[in-house]
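Let me begin by presenting the structure, written as structure tokens, before commenting on it.
Throughout, a chain's letter reflects where its sequence line sits, starting with A, and its residues are numbered from 1.
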2 protein chains.
Amino acid sequence: MEVFLSSSRPLRADARRNREALLSAARQAFLGGDADAHVEDIARSAGVAVGTLYRHFETRDALIEEVYRKEVDDLCTEPGVLLDQHAPEEALRRFLLLLVDHAAVGKGMSGVLESIMATDSPVFDDARTRMAGALSLLLEAGSAAGTVRDDVTGPTLLRALGGICGMRATAGWLVEARQITALLFDGLRHGAPQAP
Amino acid sequence: MEVFLSSSRPLRADARRNREALLSAARQAFLGGDADAHVEDIARSAGVAVGTLYRHFETRDALIEEVYRKEVDDLCTEPGVLLDQHAPEEALRRFLLLLVDHAAVGKGMSGVLESIMATDSPVFDDARTRMAGALSLLLEAGSAAGTVRDDVTGPTLLRALGGICGMRATAGWLVEARQITALLFDGLRHGAPQAP
DNA sequence: CCATAAGGTGAGTCCGGTTCCGTTTACGTG
DNA sequence: CACGTAAACGGAACCGGACTCACCTTATGG
């Protein structure tokens, strides 16, 4: 149980390299769908020994948590990029599908995600908040352009997506999730029939 | 990896007793919220040795699966009882809240539930089907009595509940889940404003 | 170039699920 | 009521995998 001071001096060059390699190896493993990849393997494929892994991450779960956090970070930068390249409506559509596909990562890590949630770690609150922010950005752009209805907020949409991605882990879930997301998107477009 | 022939002769008296004791001990443990109770402990508190546990259940997960299945069985008999004692509307209300509280059991077993789902074991399909049936029974009784709207089916309602119970594991989820369920119930009552 | 503290290593520990085989026990039969 | 036997039980041993620790290596600032 190492203690990591948040105000420590910058890492030594090799240390930073190894840390990076570990995160990327772990990401690789979990994206590959191997939810219970062994630490030994992750360490080896990063070219270091387990001891090094444990120097950087308190536990296996902490490593996964970090991978998850980075993944969320990356996703949250996407809306900006998409809005540069596409009309708001299309950007929104792409982002929704991106999120669903991304839930595949969650699938690989589901057991741990549960345990993280149970731990009340702030990671999830953070993730939720940032993700809702990302969605809001898209929704606002769309409603400003008049192509997306303006009575749905980021957090609401996130909740809907959460429900969809909760389907994870039954066979064929991805296809179904994509369909439902497409429906959801249609409902978000301006001019869709609205409940009074 | 024992093989259990489905058409084996009835268990010996002591064997049945022990099996029962094991299930009840396991149930106790998981209801108590200890998601990762040790097999050793479960066996001991059932008054047997681990070997005996493994004679009856192929693996730890199999034991949990069985507990879950029994739990669902029990729940599915409730609607009948409730309909005997209450008006359909009230029976429905009570059953919905019962289900939410019951999700607490699910919480204790969440990790395993995930892994069962991932295993494509038929347990979940069964559970879903039976549960939807139980809900249908209540909905039909209610709509026959004219107190519950008739355009919602058991499977649909189950899906909605699934979403609510998916909230499991964040602090305070139970309170929130109860609230949302109450809202849901109000929406189900005949005469509630309906989307066109 | 040296001192030194940061970083790395990997065999070993611990822990918990699972197995295996010798012993005990229920129960049908003579 | 023995008795034989298959069924059931016990629990020490096994094994796989996360985590530790005592010792070695190396980056880096002076």
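- The stretch residues 39-51 of chain B touches DNA chain D through B:V48, B:A49, B:V50, B:G51, each having a heavy atom under 4.0 angstrom from the strand.
- Among residues two or more places apart in sequence or in another chain, the side-chain hydrogen bond (donor to acceptor under 3.5 Å, both in side chains) test is passed with A:R17 by none.
- Among pairs with a residue in residues 85-95 of chain A, those fulfilling side-chain hydrogen bond (donor to acceptor under 3.5 Å, both in side chains) read A:E89-A:R189, A:E90-A:R93, A:E90-A:R94, at least two apart in sequence or across chains.
- In this structure, A:Y54 places its OH atom 4 Å from P of D:dC19, rounding to the nearest Å.
- Regarding A:L53, its CG atom lies at a distance of 12 Å from the C1' atom of C:dG8, rounded to whole Å.
- Using a 4.0 Å cutoff on non-hydrogen atoms, no part of residues 17-28 of chain B comes near DNA chain C.
- Cluster annotation: A:V148 is connected to A:L184 through the hydrophobic network of ILVMFWY side chains, with a link wherever side-chain heavy atoms come within less than 4.5 Å.
- Counting only residues at least two apart or on different chains, the side-chain hydrogen bond (donor to acceptor under 3.5 Å, both in side chains) pairs with a member in residues 23-32 of chain B are B:R27-B:E71.
- When the C1' atom of C:dG7 is taken as reference, atom CZ of A:F57 falls 14 Å away, rounded to whole Å.
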Expected rows: protein N/O vs nucleotides 28-30 of chain D N/O, under 3.5 Å:
from: D:dT28; atom 1: OP1; to: A:A13; atom 2: N; distance (Å): 3.2

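- At the phosphate of C:dC15, neither OP1 nor OP2 sits under 4.0 Å from any side-chain N or O atom of B:H38.
- Side-chain atoms of B:S136 come within 3.5 Å of backbone N or O of B:A132 as a donor-acceptor pair.
- B:R60 places a side-chain N or O within 3.5 Å of a backbone atom of B:A37 that can act as its donor or acceptor partner.
- In summary, A:E20 and A:K70 engage in a salt bridge, as defined by a charged side-chain N under 4.0 Å from a carboxylate O.
- Rounding to whole angstrom units, CZ of residue B:R55 and P of C:dT25 are separated by 15 Å.
- When the P atom of C:dT18 is taken as reference, atom CZ of B:R60 falls 8 Å away, rounded to whole Å.
- Considering only heavy atoms from C-beta on, A:F57 stays 4.5 Å or farther from A:E65 through its side chain.
- At least one side-chain nitrogen or oxygen of B:H56 sits closer than 4.0 Å to the OP1 or OP2 atom of D:dC9.
- Using a 4.5 Å heavy-atom cutoff, the side chains of A:M131 and A:L99 are in contact.
- A:R16 places its CZ atom 16 Å from the C1' atom of D:dT26, with the value rounded to the nearest Å.
- Between A:T52 and the phosphate of C:dT9, there is a side-chain N or O to OP1/OP2 separation shorter than 4.0 Å.
- One can place CG of A:D36 at 9 Å from P of D:dG17, the figure rounded to the nearest angstrom.
- Contact annotation: the side chain of A:L96 approaches that of A:L188 to within less than 4.5 Å [non-hydrogen atoms, C-beta and beyond].
- B:S143 places no side-chain N or O within donor-acceptor distance of the main-chain N or O of B:G146, the cut-off being under 3.5 Å.
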